[in-house]
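Each chain gets a letter, A, B and so on, in the order the sequences are listed, and its residues count up from 1.
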Amino acid sequence: MNGKGWDRVRTARLGGDGAAAGTTGIGSRRTGSVQLRQMSSQTVRLGRVQPQAPSHRTIYCNDRDANLMARFKVNSVSTTKYNVLTFLPKGLFEQFRRVANLYFLMISILSTTPISPVSPITNVIPLSLVLLVSLIKEAFEDWKRFQNDIAINSTPVDVLQGQNWETVPWRKLQVGDVVRIKQDGFFPADLLFLASTNPDGVCYIETSNLDGETNLKIRKALERTWDFLLPDKAAEFKGEIQCEQPNNSLYTFTGNLIIESQTLPLSPNQILLRGCSLRNTEYMVGAVVFTGHETKVMMNSMSVPSKRSTLERKLDKLILALFCGLFLMCLIGAIGSGVFIDRKYYYLGLFGNVEDQFNPSNRFVVTILTMFTLITLYSTIIPISLYVSIEMIKFIQCAQFINKDLHMYHVESDTPALARTSNLNEELGQVEYIFSDKTGTLTRNLMEFFKCSIGGEAYGTGITEIEKGQAERLGKKLDEVKRSDTAIHDKGFNFDDARIMRGAWRNERDPEICKEFFRCLAVCHTVLPEGDESPEKITYQAASPDESALVNAAKHFGFFFFRRTPTSVMVRESHVEKMGNIQDVSYDILNVLEFNSTRKRQSVVCRYPNGRLVLYCKGADTVIYERLGDTNQDIKRLTREHLEQFGSAGLRTLCLAYKELSMDVYEKWNEKFIQAKSSLRDREKKLDEVAEMIENDLILIGCTAIEDKLQEGVPACIETLSRAGIKIWVLTGDKMETAINIAYACNLINNDMKQFIITSETDAIREAEDKGDPVEIARVIKESVNHDLKRCLEEAQQYLHIAAQSLALVIDGKCLMYALDPNLRVNLLKLSLSCTSVVCCRVSPLQKAQVTSLVKKGARKITLSIGDGANDVSMIQAAHVGVGISGLEGMQAVMASDFAIAQFRFLTDLLLVHGRWSYTRLCKVITYFFYKNLTFTLTQFWFTFQTGFSGQRFYDDWFQSLYNVIFTALPVIILGLFDKDVSASLAKKYPELYKEGIKNVFFRWGVVAVWAFFAFYQSLIFFYFTTAASRNGHNSSGKIFGLWDVSTMAFTCVVVTVNLRLLMACNSITRWHSLSISGSILAWFVFIFIYSGVMTPHDRQENVFFVIYVLMSTFFFYLTLLLVPIVALLGDFLYLGVQRWFFPHNYQIVQEIHRDEVEGISRTEFLEIGNHLTPDEARSYAISQLPRETSKHTGFAFDSPGYESFFASQAGVLAPQKSWDVARRASMRTSKKTSPK
Amino acid sequence: MEMEASSTSPASGGTQAHSYPPLRSRAFHKFTQQNLPACKAQLTPAWVITIFLVTGVVFIPAGLIFICASESVVEIVDRYDIECVPESYRSNKVAYIKDNSISKNCKRLIKVPKHMKAPIYVYYELDNYYQNHRRYIKSRCDKQLLHGLKYKKTSLCVPEEYNNGLPIVPCGLVAWSLFNDSYSFIRETVNMKVNRKNIAWMSDREHKFGRNVYPFNFQNGSLIGGGKLDPNVPLSDQEDLIVWMRTSALPKFRKLYGVIEEDLEADEIIEVHLVNNYNTYSFGGKKRLVLTTKNWLGGKNNFLGVAYMVTGAFCIFLSILFALIHVKNPRPHGDASHLYWNRKSNAN
């Protein structure tokens, strides 16, 4: 049995257990309180459990005055980060936690002292612009949050006042109030469930906002409170609730309800959490227990630590290198100043009292102080606007490109791709290892009942895709079996066998065992039926598709499960001898022994109407076989054979077994069970032990086989990805045969590969296991694993060296457990890294995460995990990039992921197109930033040598402060958005191009060094060419240039050159490139015309007054402006030319191959000018018209400490969900089922 | 690509209900689908060769023109700081320059190498003089220069802010160290007229130095840095000061002294009477007198011409080199076998 499907079951347990617990107080069937804690142990927690003070709170229901004393929190929630007063201090504090901002703050402070050569504006302006942008973003997001809070807080709710229901806004709700919630309404606070319109005091709730699960769960009120439904009755309710203090554990609650001096224990089963919604119930009445921020969902609000991309960490190193460079430059300058300073330069006025910085008598102090001077002078070497720019680029990449890409839009499920974080775009371009879940990721998770084996007889005539594939590999041709007219192809049912269909099983050899088989399917589950109670119309709410497939199968076999009450299931059976005789049978469900990942089975104790007590059990073959009685070895042997057959056909198998129970045995056991269930410590463990006591001596009925179809395009996608140099590992809970077959089916393994199989299913291990000594077993397995690993490694080396064959490794969970041991880990890593594909089967969620981090940390490769279920969450979080499959059902993987896509095949687009572009673009942006700031600062550095190392600034303050934020800001952002080396279709056609990202070709130290070299070269050209050319260069009136004329000239050259250099770095030049580049150069000229044209009354030195007009009146200006950029760029041009000529990058060759081709899509667009639209356009337009309910509340969600951006909310796209976001969504009353169509 | 096909078909049916989007959203579509029309820049060998060739072809003639222009300028440079010190003081020039009792007059003979057409510009050139030193450059007060004594916030001018408790106008080290050598030229016993007006940038004269600001308390201290100013002439007319105060970019600089408005013939001997007041001896600076003519490009400066020439020549050289390589051993353009994954498989 696949672990994934089963994990789903546990949530349904909430309902099932609720049903069981609902019987509390009815005689001997009392099953004790529900153990929701079990759930929480497996569910991804939103936050840590923080036990409150030991004291409890006492709530007087329906009595506001009595509750006044306790001063409970009000129900209004505020999710804003700031208020009017705290915004500035708190917001600024957040900003200065970034090192770059802090650095510039310190430089700004330093530049207010006389030690600084530059006026404070030089550093203050860029810093404040950056801060301004960030703060505007914060304020904007917070404003959105604030408005959302208002909307939520003023949602109306019915509160009992006197004898009537009064509608008040949520925020006016108080602890102790009695409220009424109607169908599909959201609970405004944590409520104690008192009564509902349903019989038996139950109500159904949906918790999708809390945990993403869409199946309904049952809650049941205490019997004592069932009557308080109508307002006049409810007004009489004067209970007193004593309960725990607010805490964040979603699945626990302890408390008592005291009514008329009668104490009734409360369990989570009576608690309705804020954020859930009411379903299938006309209305319910509850008392408010926790309000506002004290509700469990709000107490879970905790931001998830954000991942940082590898490129960004590399960027940190680059910044560090820049700091070192800065230090070195300052040191050189400072030593120079100490040496230079001398009284002989009398014109410097160094006689008498000289300030310390220029005092020749203390050269050491001069050196130290000049150091600080130079740090402020050269501060531009650290690119302050880099972070903001990257943030903006990445955000737009996410919101506009990834989320709106039609190639990643799944029409059938109407799901676009979703980037939940904007931190990791470029990481997608460097992924080397993909860890994939199987079910739901590679396969569709559309479970179809395909085959079965009953009492040693195999039924079902279908042939799976995998069998077809196998046959093809062997060269055989399978004839498609003609479908008989009995074949039914329903959702979840694809089975055909005339022997048992349509009641024909009655004529089989052993109809009794068939009956047991079907009953087991119909009774032993946790499915909730929904809708009309007719076989055609009913829908099953199941936690996993396997479950509903099995129940559905029972329906088709004539055992139609149609109703579940808390204590029983109703099955419409048509097994009776005469055809057409249909009978509704009610089975009392006495106990449910839950599924969990250690048990790998699920049992139900049920009582037939005739009093027969039976335990039905279904579970993984291994655990069931361990617990079988000794009877009927034949069936065991035959069934095992069938299991293997089914497994190798890629089917998921489950064994079914049952056991008759006698009344007294059961009673005895039930006592223990109740004891265990009510025990406070180690409850889970005790329950397992008790279950173990009754789940033995089982009688095998047979097994089921369910087909899990491959998703569309998976083999092609995997082939493309492996050509891109990405290695794909499949981590699955499935059996080895199934896993290998799926791997074959999707091209991961083929017959040319050398396969290494490390399995625990060897004779030696089995032998040891039979002996049963755990220590011995561990030792044996460990030894065998160690031995296998060594052997495989040796062979692998040989194969790699000699045959150059590709290798595949298959390992099972048990062996993996030992192979992950620190001693063996190295070998495992070595072996698996030399394999092209690895399949790990029967692994637990934890092992998935361990394998992921083994590669992530051990091999230091960039990893991506993709999965769709709760069991993949740990793996998704462990990897560098987590991708969730969204669409079908279950949100947990998506909620934990960084990117969500609807289909596995969209990985091609996500990685090869978006990831690759993102990576190449960001590499360019970063290196370009590095270059432009280095060039600029180095010109300043060369000038220092000409000024007696005094730290005189070369440029005017405003030039320096606006250089980064205006004159060179926009083009680089345009580059980061639009640069496209090869088109999307070419990127997919030549997946090998992706390898450049894996090898990090574009952001190595070598690349940085080349840029640094040219920055060095260019800065020399700028400084020495302009000064040399201006030495005697004056106009015909013989006047001479001063310092500011020369520096303005140099700055003009720098701005022009640096912007043109960007143009040279572009692969494709759109009109936005030309606009932004010419705009930046123009901005400089406009600025300097205005700036040097006016004299201000303020106290500034009029250094550059009229300078540009003086310059422009000379030929010198124009000649230099032509010469310097060309000479400066000559080096780059030569380098680029030589590089492309002799050492072309692969993408450059691809560009050349497809040089004359117009891109496919754009060509169609060219043809369809006018009113005609391409389907793509029309579709994207259609998408843009879709209602986007989620976007309303999530726009501001990009606020994790990383680099998220600002325009987040404007995009209005599906944005990542944070826990508080969950709370908000939960609280919104918008109808969830707004149809997008 | 196959995905396009597969996902297009079901969607196209559903979208017919929608009206056609406006033009703007179509542009937006191109943006989100990253299909903006773009020109693909590829640095192919032909482009490389062409660009180098064009640059060379443009630059070499331009360079020639600039060199010719520069060569047409006649420039006489005469270093006088050593010769103008009497033999007896050569070993201690600082003492000589500081001793006010010694006459600083000095006579130099200059031979005109070529015909020099008026106007002839007279410059003085200083060396090792850090007018761009931070302490020096900030020691001035532009507002005071414009508004005179009315402007009080002259703290930047230290150490030349006050003298004897009275403010100095113009204050600061820059003004204090005003250059004060003077030159007069005698041609066959006739004094040549040196026009000392209009030697500063007009913007400086008119906007930076006040018309009603007169020197006050200037050079009255115990230490005298340089030239004195006539207290009866407003600052806007003190063009020597204005020129001096447009601080130079490099430690070696020229400043305009005046203009001789008559032609000089070739081989003529000009007698220069100069007063060697200014102290460059303590820091080892050189002083030169420069007489030069002008053309459309300015003074004599071969740099631009040479730079253009060299760059052009280098480009031509590269274009020829690349062309040769291209002809001899052409790189197949867009050859798929160059892709490394193909290369590898070829090797096997």
Side-chain angles (χ1 to χ4, degrees), chain A residues 117 344-349 358 400-401 404 407 411 946-948 950-952 978 985 992 1027-1029 1031-1036 1038-1040 1042-1043 1046 1066 1068-1070 1101-1102 1106 1110 1115-1116 1119 1123 1127 1136-1137 1140-1141 1146 1149 1151-1153 1161-1162 1171 1173 1175 1177-1182, chain B residues 1 3 7-8 10-12 15 18 20-21 25-26 29 32 34-36 38-43 45 48 121 130 132-137 142 159 173 177 201 203 208 246-251 254-256 282-283 294 296-301 303-304 307 311 331 333-334 336 338-339 341:
Chain A
K344 72 185 181 184
Y345 300 103
Y346 70 92
Y347 54 88
L348 300 180
F358 298 110
Q400 299 298 336
F401 297 160
K404 292 194 177 162
H407 294 196
V411 183
Q946 302 295 332
T947 64
S950 58
Q952 170 59 31
F978 295 129
S985 51
E992 291 87 351
T1027 50
R1031 175 157 303 198
N1032 301 349
H1034 3 66
N1035 67 358
S1036 42
K1039 286 157 191 152
I1040 296 279
L1043 166 62
V1046 176
C1066 295
S1068 59
I1069 297 161
T1070 67
Q1101 302 235 326
E1102 305 291 353
F1106 232 67
V1110 165
F1115 279 111
F1116 154 79
L1119 296 181
L1123 174 74
V1127 174
L1136 290 179
R1140 189 173 190 120
W1141 197 321
N1146 292 307
I1149 296 175
Q1151 279 176 349
E1152 286 165 11
I1153 296 173
I1161 299 160
S1162 39
N1171 276 337
L1173 285 172
E1177 279 177 340
R1179 196 145 48 100
S1180 97
Y1181 183 69
Chain B
M1 290 152 285
M3 290 156 210
S7 51
T8 306
S12 47
T15 49
H18 293 280
Y20 286 121
S25 85
R26 227 182 304 158
H29 167 84
T32 56
Q34 310 195 49
N35 268 325
L36 290 170
C39 79
K40 295 180 237 168
Q42 286 179 27
L43 221 50
V48 174
Y121 296 89
Y130 288 88
N132 57 12
H133 194 279
R134 184 154 76 91
R135 182 175 163 85
Y136 185 82
I137 212 166
D142 288 346
L173 286 170
S177 60
W201 292 102
S203 58
K208 285 183 159 183
R246 195 171 185 101
T247 48
S248 71
L250 296 178
R254 284 180 185 180
K255 286 193 185 290
L256 191 55
S282 42
F283 55 87
K294 278 282 134 83
W296 56 275
L297 199 55
K300 194 180 185 73
N301 188 357
F303 176 80
L304 271 179
T311 311
R331 177 165 88 82
H333 187 64
H338 268 69
L339 295 166
W341 56 90

Q: Calculate, to the nearest 0.5 Å, the distance between atoms OG and OH belonging to B/S177 and A/Y347 respectively.
A: 9.0 Å
**Q.** Atom pair CZ/CG of A/F1116 and B/L297 - distance to nearest 0.5 Å
**A.**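 Atom-to-atom, A/F1116:CZ and B/L297:CG are 10.0 Å apart.
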Q: Return the option, out of A/T1027, A/V1127, A/T1070, A/L1043, with the maximum number of heavy-atom pairs under 4.5 Å with chain B.
A: A/L1043
Q: Against chain B, work out which of A/G948, A/C1066, A/G1137 has the most heavy-atom pairs shorter than 4.5 Å and name it.
A: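 Max contact count across the listed options: A/G948.
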Please flag which part of [X] lies under 4.5 Å from any non-hydrogen atom of chain A: side chain, backbone, both or neither.
| X | answer |
| --- | --- |
| B/F283 | both |
| B/S248 | backbone |
| B/S282 | both |
| B/P159 | side chain |

Q) Can you tell if the side chain of B/R246 reaches within under 4.5 Å of the side chain of A/I1040, non-hydrogen atoms only? A) no
Q. If we only count heavy atoms from C-beta on, is the A/T947 to B/I137 side-chain gap below 4.5 Å?
A. no
Between the side chain of [X] and the main-chain N/O of [Y], is any donor-acceptor distance below 3.5 Å?
| X | Y | answer |
| --- | --- | --- |
| B/N132 | A/Q946 | yes |
| A/S950 | B/R134 | yes |
| B/R135 | A/G349 | yes |

Q: Pick one of side chain, backbone, both or neither for A/F978, based on which atoms fall under 4.5 Å of a heavy atom in chain B.
A: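 A/F978 touches chain B through side-chain heavy atoms alone.
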**Q.** Contacting moiety of A/F358, where chain B heavy atoms sit under 4.5 Å
**A.** side chain
**Q.** Heavy-atom pair with the smallest gap, counting every atom of B/Y121 and A/G1038
**A.** CE2-CA, 3.7 Å
Q. Do the two ring centres, one from B/Y136 and one from A/Y345, sit under 6.0 Å apart?
A. no
